[in-house]
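This report refers to the structure that appears directly beneath it.
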There are 2 protein chains.
Amino acid sequence: MTARTPLLVRDPAEPQALRSDALINRNRILEVARETFAARGIDVTMREIARRAGVGVATLYRRFPTKESLVTAAFADQMAACASVVDDALADPDPWRGFCTAVERICAMQAVDKGFTAAFVSAFPDSIDFEGVRACAEEGFAELTERAKASGHLRADFAQEDLTLLIMANGGIIADTAETAVAASRRLAALLLQSFLAHPADPPAPLPPAAPIGLHNVVGNLQEPSQAVPAGQVSGRCPR
Amino acid sequence: MTARTPLLVRDPAEPQALRSDALINRNRILEVARETFAARGIDVTMREIARRAGVGVATLYRRFPTKESLVTAAFADQMAACASVVDDALADPDPWRGFCTAVERICAMQAVDKGFTAAFVSAFPDSIDFEGVRACAEEGFAELTERAKASGHLRADFAQEDLTLLIMANGGIIADTAETAVAASRRLAALLLQSFLAHPADPPAPLPPAAPIGLHNVVGNLQEPSQAVPAGQVSGRCPR
DNA sequence: CCGAAACCGGAACACCTGGTCCGGTTGACG
DNA sequence: CGTCAACCGGACCAGGTGTTCCGGTTTCGG
């Protein structure tokens, strides 16, 4: 309709179109979002992120039109790191070591960042980045699996789905502090990697330090420390 | 203060104080709640449970004053079953077999019932039943662990926390259909049990059938089947 | 058979969530 | 320095959740 277009039309992909204060706010928002999502998961409120970033909700929504887009932006670098993990593993001359390292690193990332798994799993349909990286990582891992099997270290009946299994299982490991989560995750990875081995050593491998994961911290995390079962108090109704 | 107490005071624990129709409704509610929680997790709405049970919300709330109490009641028998699993395991003359069976059965229960884990984990503070059973099961498992170690089958550095680890990891295994969840859970249990073994066989144990767990079903369960990466479309930005 | 107490269902309440609107403010450019 | 669009923040909207209230109905002892 309007035949005249403005002379100074900006490249629509230009990121510098933001005013200086707006850019500052945007960065602050992203920073806060990353921290908060990592610490408390993906379910934190948009209001809270806005409050923590010292901006209003409208500002937040003007920068990221939907929560989905905020999550995507916040975890973009994590996704990149995830992809690079697979690349590093493929670059390792020892296939089995590469395989193990990749698994351990991904598990650690998952454990450190509470929201990462959720962001990865829910995989908002529109955020093509996520899907792309995921497909790419899958592909790389298939190659990795093949090589590890060929090297004779990975058991032949290892299925590609076992990797999904491991990731999902690791996703179940969440504790209130990142440290406990990492420790637990590390032990889980070590245990599973051991059972993936084709020829397990007769004396089982030493395994990393025993997981300091506390029962009360993770399972019954709603009760206060209390007196750790006063022996005679709680029992008595225990049928065995 | 009031010195006079009513003559016909009822035993507060008497369960027969319900009118016949009220009792029928109560049972129907419990039945529906069990089914729905198992199939769709603990997050189903009180409205929906009431609707499915063919009663009004008020009726539901009169019977179970809070959602918490409904959950507790609905999972009471599951908790009992959980305890009996440990008892059975302790009754087995072969400690290692008992250990394995207990682990497998608990994992299966967890996989079949989506809400079970959540109910068990969240462990509402007031529902003492849960806490009691949990403590009891823990105690029994400690005994089980000890015996399995003494028999030489369970590796010496197995920690009690590894059990929590397993349960939490298994909790991460959730799929849209109960069958896939059970299959995946079974494989996870088999893998972990193998790495718990003190003297793993040189050729790794055959393991149960490969898990038919599908990547798209569990990880990217929001996207439609689509054309499974049209090869040329998405790639091109895959760095390796 | 009858009346009262217990029951029933749906409307309503308080609260929280993602997301939008509008009047006042501020940075950037001539 | 002045103008004006872009920006800012809090109020607001729609939808959904656990929970409560109230008028009509049903059961059950006498």
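So you know, we letter chains A, B, ... as the sequences are listed, proteins then strands, and number each from 1.
B/Thr45 has a side-chain polar atom (N or O) that falls below the 4.0 Å cut-off from OP1 or OP2 of D/dT17. Taking side-chain N and O atoms only, B/Tyr61 has no distance below 4.0 Å to OP1 or OP2 of D/dT20. In this structure, B/Asn25 reaches the C/dC8 phosphate: one of its side-chain N or O atoms is under 4.0 Å from OP1 or OP2. For A/Thr66, no side-chain nitrogen or oxygen approaches OP1 or OP2 of C/dG18 to under 4.0 Å. Distances shown here put every side-chain N or O of A/Thr59 at or beyond 4.0 Å from the OP1 or OP2 atom of D/dC7.
Look at CE on B/Met46: it is 21 Å from P on C/dA12, rounded to the nearest Å. Whole-Å rounding puts the A/Arg51 CZ to D/dG9 P distance at 14 Å. One atom, CG of A/Asp21, and another, P of C/dT26, lie 10 Å apart when rounded to the nearest Å. Distance, B/Arg62 CZ to C/dA6 C1': 8 Å, rounded to whole Å. Distance A/Ile29 CD1 to D/dC8 P: 8 Å, rounded to the nearest Å. The separation between B/Arg19 atom CZ and C/dC7 atom C1' is 4 Å, rounded to whole Å. Across the protein-nucleic acid pair, B/Ile49 atom CD1 and D/dT17 atom C1' stand 13 Å apart, rounded to whole Å. Across the protein-nucleic acid pair, A/Arg63 atom CZ and C/dG19 atom P stand 16 Å apart, rounded to whole Å.
Not one N or O on the side chain of B/Ser185 forms a donor-acceptor pair closer than 3.5 Å with the backbone of B/Ala181. A donor-acceptor pair under 3.5 Å links the side-chain atoms of A/Gln110 to the main chain of A/Ile167, judged by distance alone. Not one N or O on the side chain of B/Asp88 forms a donor-acceptor pair closer than 3.5 Å with the backbone of B/Val85.
Within the nucleic acid shown, B/Ala58 comes within 4.0 Å of at least one base atom, counting heavy atoms only. In this structure, B/Val57 reaches the bases: a heavy-atom distance under 4.0 Å links it to at least one base atom across the strands shown.
In terms of polar N and O atoms assigned as donor or acceptor, the side chain of A/Arg47 comes within less than 3.5 Å of the base of C/dG19 in a complementary pairing.
Checked for salt-bridge contact, B/Arg40 and B/Glu48 meet the test: a charged N lies under 4.0 Å from a carboxylate O.
For the residue pair A/Ser69 / A/Thr66, no side-chain donor-acceptor distance below 3.5 Å is found, with atom types taken as modelled.
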